[in-house]
Amino acid sequence: MSQLKVVVTDYNYHTFAPEKEVLDEMGIELTLEQCQTEEEVIEKCRDADAILNQYAPISRKVIESLGNLKVVARYGIGFNTVDLDAATENGVVVANVTDYCLDEVSDHAMALLLSSVRKVTLMNNEVKNGNWDYKVAIPVYRMRGRTLGLMGFGNIPQRLTEKAQAFGIQVMAYDPFVPKEVAESLNVKLVELDELYEESDYISVHLPLNEKTEKIISHDAFKKMKKDAFIINTSRGPVIDEQALILALQNGEIAGAGLDVLEHEPIDEAHPFLNMNQVILNPHSAFYSVEAEAELKRKTAQNVADVLNGYFPSYLVNQDVKKQLDLKEK
């Protein structure tokens with residue numbers, strides 16, 4: 001087992017104790033790299049049996065260049081850094097952690113919503129600048145009885161539903177892949193996008209990033225929203241057409257936005273959002289808690305350990321790869 005090579009393609013973590021705890025049992029020492037390009041991944045991971053991946057591109061070119069590669073384990077829920085078709089065609093397992101940071105992100109979305117609607121951040125900034133006057137926040141509307149529209153209705157927005165309902169907020173959702181029974185069990189109405197845009201007082205975005213969702217929320221969408229609506233995004237920045245959002249805010253088509261993610265991160269110092277009081281910005285932080293990070297790292301390493309021990313991982317993304325591999329179910 002000690003001959004196996006496991007590489008972390010890129011990272012912004014300060015410790016790898018959880019991964020080492022899992023992989024030490026197999027006598028595997030992690031190799032830590034900081035790759036940004038395809039070429040760097042190919043060079044640094046050439047003999048890798050497994051890679052743990054954060055943001056570095058795991059493209060078809062990369063996969064077809066890594067002859068020993070057996071598994072790509074993503075740090076997170078999303079897997080848009082990996083070419084799934086290429087992985088499956090080459091018998092490479094792709095794994096993620098689908099139950100990662102469910103409470104963290106849903107809590108953060110709720111926090112951005114509350115701060116946007118109650119204008120907590122705006123008034124905090126005003127007070128610190130010497131202005132003790134609640135009227136800077138006018139108008140503020142009661143939340144109870146209002147409607148939250150969820151774009152996507154997976155695990156995180158389902159958690160958010162319960163939290164919003166505790167404030168007396170009604171919830172509707174758009175997700176063509178979720179059975180009606182799932183929504184009904186949470187007292188949520190499934191709707192088409194246009195109805196969600198038109199009827200929601202608040203919209204919270206929980207979409208994966210792919211060809212169909214990139215810039216799905218653009219000029220037409222904002223024109224259909226209520227003028228006092230707020231949009232919250234804790235998923236992926238590019239699902240919102242940022243220039244369209246800027247115009248919508250400047251033209252008063254919506255009231256404000258709470259954004260944990262942007263099209264390009266970190267934000268440019270000349271970005272218009274930085275001068276908009278109706279926009280709350282966070283640095284792609286919704287996923288984080290001490291506990292969530294440790295759990296993610298341990299489960300990502302376990303995905304690798306499972307495959308290298310001859311098992312399919314608990315969090316298998318590309319199910320079709322099962323047809324090609326002689327691995328056991330756990």
Side-chain angles (χ1 to χ4, degrees), residues 101 103-151 156-157 159-169 171 200-206 217 222 225-290 292:
C101 65
D103 272 316
E104 283 75 10
V105 177
S106 56
D107 286 349
H108 208 92
M110 195 68 210
L112 287 171
L113 175 59
L114 288 168
S115 189
S116 295
V117 175
R118 294 298 308 171
K119 302 186 180 175
V120 174
T121 301
L122 171 64
M123 288 189 284
N124 169 75
N125 294 341
E126 288 290 328
V127 169
K128 289 182 176 179
N129 285 325
N131 185 18
W132 186 272
D133 186 359
Y134 78 92
K135 292 190 291 294
V136 298
I138 291 175
V140 173
Y141 297 105
R142 180 177 294 166
M143 296 182 70
R144 181 169 294 275
R146 298 257 167 175
T147 297
L148 169 64
L150 301 172
M151 294 188 67
I156 289 172
R159 291 281 180 96
L160 176 58
T161 292
E162 299 168 355
K163 295 163 186 178
Q165 288 171 337
F167 283 83
I169 298 171
V171 182
S200 297
D201 298 289
Y202 324 124
I203 294 174
S204 188
V205 185
H206 302 275
I217 307 168
F222 291 120
M225 295 179 193
K226 296 181 179 181
K227 292 188 181 299
D228 58 357
F230 291 88
I231 188 164
I232 309 299
N233 189 8
T234 53
S235 59
R236 292 290 183 269
V239 300
I240 295 179
D241 182 337
E242 220 159 82
Q243 291 305 309
L245 175 56
I246 290 168
L247 287 174
L249 291 165
Q250 290 173 338
N251 296 334
E253 292 175 353
I254 64 170
L259 307 174
D260 185 54
V261 289
L262 298 172
E263 274 192 46
H264 303 287
E265 300 172 1
I267 192 168
D268 185 272
E269 61 183 14
H271 199 294
F273 285 159
L274 294 173
N275 295 309
M276 292 182 170
N277 288 334
Q278 71 271 49
V279 178
I280 298 174
L281 299 170
N282 280 182
H284 201 147
S285 58
F287 64 89
Y288 178 73
S289 74
V290 172

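Predicted model, so just to flag it, every value in this text is computed and none were measured.
Interatomic distance, Y202 OH to M110 CE, rounded to the nearest 0.5 Å: 8.5 Å. Atom-to-atom distance recorded for Q278:CD and L122:CG is 9.5 Å, nearest 0.5 angstrom. With rounding to the nearest 0.5 Å, the separation of CG in L160 from CG in L150 is 5.5 Å. Atoms OG and NE2, on S115 and H108 in that order, are 10.0 Å from each other to the nearest 0.5 Å. Going from atom CD1 of I231 over to atom OG of S116 covers 11.0 Å, rounded to the nearest 0.5 Å. Separation of atoms CG (N233) and CD1 (I203) is listed at 11.5 Å; rounding is to 0.5 Å.
Closest approach of C101 and F287 over heavy atoms only: CB-O, 3.4 Å. Nearest heavy atom pair, residue V117 against residue V140, reads O-CG1, 3.6 Å. Here the closest heavy-atom approach between residue Y288 and residue E104 is recorded as O-CG, 3.8 Å. Residues V171 and A164 come closest through the heavy atom pair CG2-CB, 4.3 Å. Of all the heavy atoms in L245 and A257, the pair that sits closest is CD2-CB, 4.4 Å. Minimum heavy-atom separation, T121 to I280: OG1-CD1, 3.8 Å.
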Apply the test side chain to side chain contact (heavy atoms under 4.5 Å, CB included) to residues L281 and L262: give CA-CA distance (whole Å), side-chain angles for both, the deciding distance (0.1 Å), then the verdict.
CA-CA 9 Å; L281 299 170; L262 298 172; 4.2 Å; yes

Between Q250 and M276, does a side chain to side chain contact (heavy atoms under 4.5 Å, CB included) hold up when you go through it step by step?
CA-CA 9 Å; Q250 290 173 338; M276 292 182 170; 3.6 Å; yes

Show the numbers, then the answer: is there a side chain to side chain contact (heavy atoms under 4.5 Å, CB included) between L114 and V120?
CA-CA 8 Å; L114 288 168; V120 174; over 6 Å; no

Start with the C-alpha gap between M151 and I217, add the side-chain angles, then the distance that decides, and say whether side chain to side chain contact (heavy atoms under 4.5 Å, CB included) holds.
CA-CA 10 Å; M151 294 188 67; I217 307 168; 3.5 Å; yes

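Put simply, the side chain of N125 never gets that close to the backbone of K128: no donor and acceptor are under 3.5 Å apart. The backbone N or O of P139 lies less than 3.5 Å from a partner atom in the side chain of K119, making a donor-acceptor pair. Between the N282 side chain and the S285 main chain, no donor and acceptor come within less than 3.5 Å of each other. Side-chain atoms of D260 come within 3.5 Å of backbone atoms of A286 as a donor-acceptor pair (strictly under, hydrogens ignored). D228 places no side-chain N or O within 3.5 Å of a backbone atom of A255 that could act as its donor or acceptor partner.
Taking 4.0 Å as the cut-off between side-chain N and carboxylate O, D133 and K135 count as a salt-bridged pair. In this structure, D103 pairs ionically with K163, as a charged nitrogen and a carboxylate oxygen lie closer than 4.0 Å.
By the ring-ring contact (aromatic ring centres under 6.0 Å, His included) test, F273 pairs with H271, sequence neighbours left out. By the side chain to side chain donor-acceptor pair (under 3.5 Å) test, E265 is found to be paired with H284, residues two or more places apart in sequence or in another chain being considered.
The only option from R142, K226, K227, R144 that meets the salt bridge (charged side-chain N to carboxylate O under 4.0 Å, His left out) definition with D201 turns out to be K226.
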